[in-house]
Chemist: 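Handing you this structure, nothing more for now.
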Amino acid sequence: MNYCRLPCVAVLLVFGVHVGGADNGDVAFDASYKIVWGNDHFSLLDQGREAQLSLDINSGAGFGSKLEYESGFFNMRIKLANKNTAGVVTAFYLASIGNSHDELDFEFLGDKEGKPITLQTNVFANGKGDREQRVLLWFDPSADFHTYKILWNHRLIAFYVDDIPIRVFKNNTKNGVMYPTKAMEVQVSIFNGDGWATDGGQTKINWTSSPFTARFQGFNVDGCPLSQLSSTNRRRNNCHASEYWWNKRKYWNLDRNQIKEYQNVREKYMNYDYCTDKARYPITPPECVSNQYINI
């Protein structure tokens with residue numbers, strides 16, 4: 001499969017802008033994360049600097065952050081399982097605990113060998129989701145590690161692939177659109193999604209190709225943790241404060257070069273956007289226009 005089949009790849013490389021954050025290549029898994037489920041399908045490599053999750057007919061696996069966060073910059077270097085991964089879902093996301101949850105999703109939807117992987121994103125606020133967008137990645141995500149990032153502050157949520165913005169969700173509460181504000185954990189998992197992930201659930205997992213193994217690196221977390229109040233500590237973190245770099249004004253919006261990158265991804269690689277699905281939304285949701293930068 002020729003993933004670099006479109007000329008806009010060169011444009012993406014020219015306009016690439018680094019999004020700030022610590023170099024997390026040497027941070028060990030145990031510093032910020034813990035195994036959550038599927039212990040026997042989880043392993044650590046390279047002295048704890050790389051984690052591996054696998055899926056077979058018996059189980060998948062997942063790990064999560066030790067802390068909850070109220071804002072931040074969250075990233076993970078991921079190398080997906082290769083070959084025939086139809087029905088296999090690998091997820092990197094933020095999620096709050098409890099009912100009416102908030103959630104910010106990267107979901108990699110596997111496919112038959114030779115077909116490009118679909119990357120689906122979604123945004124939940126106060127339990128309301130159904131905001132799926134999907135892009136076909138312009139590279140083979142199983143051939144090497146790539147970095148996937150979520151920037152979350154009180155003005156903007158942005159999803160990045162190797163510093164290229166692929167989605168934004170602005171704070172439009174003034175227009176009646178709910179915005180994620182609850183403390184969230186970082187979660188990573190691989191699981192059986194063949195009821196919906198590939199061809200609308202028509203293509204099932206071929207278990208003779210298992211185990212399906214995904215690898216993860218980069219375990220530093222640039223986030224403002226939820227304060228643990230006690231009888232001796234009554235002060236909460238101000239997770240919207242500008243002392244955290246991701247809350248500074250420059251991160252309230254994309255810059256002009258990033259907007260060009262973002263528009264290019266939407267034009268060349270996006271194959272589904274809830275905003276244009278008239279069967280689901282006869283009236284375009286109110287957040288869509290500003291999130292697309294169509295007036296820039």
Side-chain angles (χ1 to χ4, degrees), residues 8 11-12 15-17 19-20 70-75 91-96 100-109 118-138 147-182 184 240 246-296:
C8 65
V11 177
L12 292 174
F15 285 119
V17 177
V19 181
E70 295 186 289
S71 69
F73 171 77
F74 307 91
N75 72 99
F92 163 50
Y93 62 103
L94 310 180
S96 65
S100 301
H101 75 296
D102 293 349
E103 186 170 321
L104 306 174
D105 296 336
F106 275 119
E107 292 178 314
F108 301 86
L109 312 184
T118 297
L119 175 55
Q120 176 172 282
T121 59
N122 205 347
V123 175
F124 288 75
N126 201 34
K128 164 103 172 69
D130 297 326
R131 297 186 176 98
E132 298 92 348
Q133 291 182 352
R134 301 185 192 117
V135 298
L136 296 176
L137 291 172
W138 50 92
T147 304
Y148 306 90
K149 309 177 181 183
I150 301 173
L151 176 70
W152 171 38
N153 59 43
H154 64 296
R155 296 295 190 100
L156 180 72
I157 293 163
F159 296 77
Y160 298 85
V161 175
D162 292 334
D163 289 327
I164 297 166
I166 66 162
R167 181 173 189 166
V168 298
F169 190 84
K170 298 180 181 179
N171 188 333
N172 278 295
T173 52
K174 63 182 180 182
N175 296 322
V177 179
M178 291 178 289
Y179 189 79
T181 58
K182 297 180 176 70
M184 293 191 275
H240 297 160
W246 55 84
N247 289 329
K248 295 184 184 300
R249 183 175 292 272
K250 67 177 292 186
Y251 298 106
W252 293 1
N253 213 332
L254 300 185
D255 65 29
R256 190 160 295 276
N257 282 342
Q258 290 174 323
I259 291 170
K260 290 178 181 178
E261 294 177 314
Y262 175 56
Q263 291 174 328
N264 196 54
V265 168
R266 290 184 57 83
E267 177 184 350
K268 302 296 184 181
Y269 298 107
M270 184 169 285
N271 66 355
Y272 178 79
D273 183 359
Y274 76 103
C275 289
T276 59
D277 189 339
K278 294 301 182 183
R280 292 176 67 191
Y281 296 101
I283 300 174
T284 302
E287 69 270 18
C288 289
V289 172
S290 66
N291 290 337
Q292 292 173 14
Y293 290 93
I294 62 176
N295 296 321
I296 299 296

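Note: hydrogens, waters and symmetry copies are ignored here, and every other heavy atom, side chains too, is used.
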Chemist: Out of curiosity, K174 NZ to N172 CG, how far, rounded to the nearest 0.5 Å?
Modeler: 7.0 Å
Chemist: Any donor and acceptor pair, going by atom type alone, linking the side chain of W152 with main-chain N or O of L94 inside 3.5 Å?
Modeler: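 Looks like no, no N/O pair under 3.5 Å.
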Chemist: Any side-chain to backbone donor/acceptor pair from R134 onto T118? Under 3.5 Å, distance only.
Modeler: no
Chemist: Any chance you could measure L156, atom CG, to L254, atom CG, to the nearest 0.5 Å?
Modeler: 6.0 Å
Chemist: Compute the centroid of each ring, for Y148 and then for F108, and state whether the two points are separated by less than 6.0 Å.
Modeler: yes
Chemist: Nearest 0.5 Å, please: how far is CG in L137 from CG in D162?
Modeler: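 If we round to the nearest 0.5 Å, D162:CG and L137:CG are 9.5 Å apart.
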Chemist: So, the side chain of K170 versus the backbone of S290: is there a donor-acceptor pair under 3.5 Å, distance only?
Modeler: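 At least one qualifying donor-acceptor pair exists.
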Chemist: Can you tell me if K278 has over 12 outside heavy atoms packed within less than 6.0 Å of its NZ?
Modeler: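 Result for NZ/K278: enclosed.
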Chemist: For residues N126 and D102, report the shortest heavy-atom separation together with the two atoms involved.
Modeler: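 Smallest interatomic distance, heavy atoms only, reads N-OD1, 2.7 Å.
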Chemist: Under 30°, 30 to 60°, or over 60°: which ring-plane class applies to H240 and H154, parallel, tilted or perpendicular?
Modeler: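 It falls in the parallel class, under 30°.
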Chemist: Give me the atom names and distance for the closest heavy-atom approach of Y93 to F106.
Modeler: CB-N, 4.3 Å
Chemist: Starting from the C-alpha separation in whole Å, work towards a yes-or-no answer on side-chain contact (heavy atoms from CB on, under 4.5 Å) for N271 and V135.
Modeler: CA-CA 6 Å; N271 66 355; V135 298; 5.9 Å; no
Chemist: If I compare all heavy atoms of E287 with all of F169, which pair ends up nearest, and what's the gap?
Modeler: CG-CE1, 3.9 Å
Chemist: Considering non-hydrogen atoms only, spot the tightest contact between M270 and Q133 and give its length.
Modeler: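 Here M270 and Q133 meet closest at CE-OE1, 3.6 Å.
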Chemist: Report yes or no: does Q258 contribute a side-chain atom to a donor-acceptor pair with the main-chain N or O of D255 at less than 3.5 Å?
Modeler: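 Here the side-chain-to-backbone pair exists.
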Chemist: At their closest point, which heavy atom of S71 faces which heavy atom of W246, and how far apart are they?
Modeler: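 S71 and W246 have their closest heavy atoms at OG-NE1, 2.9 Å.
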Chemist: Do V265 and W138 have side chains that approach each other closer than 4.5 Å (heavy atoms only, starting at C-beta)?
Modeler: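 Yes, side chains in contact.
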Chemist: Regarding K248 and N153, do their side chains bring together a donor and an acceptor under 3.5 Å, going by distance alone?
Modeler: no
Chemist: With a 4.5 Å heavy-atom cut-off, do Y179 and V123 have their side chains touching?
Modeler: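 No; the side chains remain at least 4.5 Å from each other.
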Chemist: Please check: side-chain N/O of R167 versus main-chain N/O of T121, any donor-acceptor pairing under 3.5 Å?
Modeler: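 At least one qualifying donor-acceptor pair exists.
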Chemist: In Å and rounded to the nearest 0.5 Å, what is the CZ to CD1 distance from F159 to I166?
Modeler: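 Going from CZ on F159 over to CD1 on I166, the span is 7.5 Å.
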Chemist: Is the closest side-chain heavy-atom distance between D130 and Y281 below 4.5 Å?
Modeler: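 A side-chain contact under 4.5 Å exists here.
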Chemist: Between CH2 of W252 and CG of N247, what distance do you get to the nearest 0.5 Å?
Modeler: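 Interatomic distance, W252 CH2 to N247 CG, rounded to 0.5 Å: 9.0 Å.
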Chemist: Find out whether K260 and N264 are in side-chain contact, i.e. whether some heavy atom of one side chain is under 4.5 Å from a heavy atom of the other.
Modeler: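 No. Closest side-chain heavy atoms not under 4.5 Å.
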Chemist: Can you name the nearest heavy-atom pair linking K182 to S100, along with the distance?
Modeler: NZ-O, 3.0 Å
